[in-house]
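For reference, the structure discussed in these notes is given below.
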Amino acid sequence: MAIDKAIWSKITLVDGDITKQNVDAIVNAANHTLLGGGGVDGAIHRAAGPELLAECRTLGGCATGSAKLTKGYRLPAKYVIHAVGPVYNDGHHGEPERLAGCYRTAMDLANQHGCTSIAFAAISCGVYGYPIADAARIALTSVAEKLAAGGSVEEARFVLFGQPVFGQFQAVLDELAGV
Ligand code: APR
């Protein structure tokens, strides 16, 4: 599916901290228990406060490749969408489809809740070991396709933590957007 240039202009990359983003929804890189962890999961729970974990406890976990929505509590964001990315094995055990499923489900949840802006962490790109460029291609393509399909979301940010990840996402975005 060829993505129109106007769609790519709705996607921005930020080198920063997702807990500080002033958007309607931020997308967490969680695990299937949804009971918190390290990395960006830990940062989001610390910033949101204990009510976030309390709500997560009511959700009964989440399957890999999917996502569930909670309120944002003390975060600037109104919602947190907890996506459960795949642990990378070799790319031939369903990882690409599951990673795409995280981004697609997150966009669907954001649109269902009337969000106009969303910020994504780089799901599975930390301890889950996904090769960054491969993950970036899946992430950017999945979100662009959802933006092209229409909905309330008008701005999709990828909030990347540090130059190496930011640089790789930028290179893939430039290639996909035909820059
Ligand atoms: N803002 C934005 N991105 C961040 C932040 C932050 N404050 N902190 C970390 N990151 C980045 C990491 O640098 C990495 O690029 O988020 C990306 C995802 O890395 P992880 O947090 O390790 O997530 P993931 O690889 O999906 O592993 C998920 O880790 O924290 C546990 O509970 C979580 O078990 C789950 C696993």
Side-chain angles (χ1 to χ4, degrees), residues 11-50 52-57 59-70 72-91 93-107 109-110 117-140 142-143 155-173:
I11 293 180
T12 54
L13 305 184
V14 173
D15 181 353
D17 179 346
I18 198 165
T19 67
K20 304 273 193 292
Q21 302 302 309
N22 199 350
V23 292
D24 292 333
I26 63 170
V27 182
N28 182 21
N31 62 62
H32 69 94
T33 70
L34 297 187
L35 300 181
V40 68
D41 197 5
I44 288 171
H45 275 272
R46 277 193 299 280
L52 178 62
L53 181 57
E55 184 176 357
C56 284
R57 285 192 196 290
L59 299 179
C62 181
T64 297
S66 191
K68 289 189 178 177
L69 177 139
T70 66
Y73 300 104
R74 297 176 193 167
L75 287 161
K78 190 175 176 189
Y79 300 113
V80 180
I81 294 170
H82 305 265
V84 181
V87 175
Y88 189 79
N89 181 328
D90 57 7
H93 289 75
E95 304 98 314
E97 295 74 21
R98 291 201 181 97
L99 186 60
C102 287
Y103 288 100
R104 290 175 185 148
T105 310
M107 285 293 287
L109 287 167
S117 58
I118 187 169
F120 294 92
I123 300 166
S124 290
C125 290
V127 297
Y128 280 6
Y130 216 107
I132 308 294
D134 296 344
R137 186 175 302 279
I138 291 167
L140 292 163
S142 303
V143 170
E155 182 202 351
R157 269 181 220 173
F158 286 82
V159 184
L160 308 160
F161 213 48
Q163 249 315 311
V165 183
F166 183 90
Q168 294 208 57
F169 266 73
Q170 185 69 66
V172 172
L173 180 59

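What's counted below: heavy atoms across the whole structure, side chains too, no hydrogens, waters or symmetry copies. Start at 1 and go down the list; that is how both ligands and their atoms are numbered. Treat the numbers as computed from the prediction; the structure is a model and nothing was measured.
Nearest protein neighbour of atom 26 (O) of ligand 1, counting heavy atoms only, is S124 N, 2.8 Å. Considering only non-hydrogen protein atoms, atom 16 (O) of ligand 1 sits nearest to V40 CB, 3.9 Å. In this structure, atom 25 (O) of ligand 1 lies nearest to the protein heavy atom G126 N, 2.8 Å. Closest to atom 18 (C) of ligand 1 among all protein heavy atoms lies A122 O, 3.2 Å. Among all protein heavy atoms, the one lying closest to atom 33 (C) of ligand 1 is D41 OD2, 3.6 Å. In terms of protein heavy-atom proximity, atom 7 (N) of ligand 1 is nearest to D17 OD1, 3.1 Å.
Residue-ligand proximity, V159 to ligand 1, at heavy-atom distances under 4.0 Å covers atoms 2 (C), 3 (N). Ligand-side atoms of ligand 1 in range of G39: 21 (O), 30 (O), range being under 4.0 angstrom from any heavy atom. For ligand 1, the atoms sitting less than 4.0 Å from at least one non-hydrogen atom of A43 are 7 (N), numbered in the order shown with element in parentheses. Less than 4.0 angstrom separates some heavy atom of G37 from each of these atoms of ligand 1: 30 (O), 32 (O).
Panel note: side chain R157, backbone I18; no donor-acceptor pair is recorded below 3.5 Å. For the pair Q168 (side chain) and A136 (backbone), a donor-acceptor distance under 3.5 Å is absent. Panel note: side chain S66, backbone C62; no donor-acceptor pair is recorded below 3.5 Å. Here the side chain of D15 pairs a donor or acceptor atom with the backbone of G162 at under 3.5 angstrom.
Atom CD of E55 and atom NE2 of H82 lie 7.0 Å apart (nearest 0.5 Å). For the atom pair H45 NE2 and C56 SG, the distance stands at 4.5 Å (nearest 0.5 Å).
Of all the heavy atoms of A29, the ones lying under 4.0 Å from any atom of ligand 1 are found in both the backbone and the side chain.
Nearest-heavy-atom check against atom 15 (O) of ligand 1 across P86, C125, G38 picks out C125. Of the candidates V127, I18, I123, the one placing a heavy atom closest to atom 22 (O) of ligand 1 is V127. Nearest residue to atom 10 (N) of ligand 1 from F166, F161, F158 is F161 (criterion: closest heavy atom). Among F169, Y128, F120, Y130, the residue whose heavy atom lies closest to atom 28 (C) of ligand 1 is Y128.
The aromatic rings of F120 and F158 lie parallel to each other, their planes meeting at an angle below 30°, with 60° marking the opposite boundary.
Side-chain contact between R74 and P50: present, with at least one pair of heavy atoms (C-beta onward) separated by less than 4.5 Å. Residues T19 and I44 have side chains in contact (heavy-atom distance under 4.5 Å, counting atoms from C-beta outward).
Y88 has its ring centre no less than 6.0 Å from the ring centre of Y128.
At least one heavy atom of G36 sits less than 4.0 Å from an atom of ligand 1.
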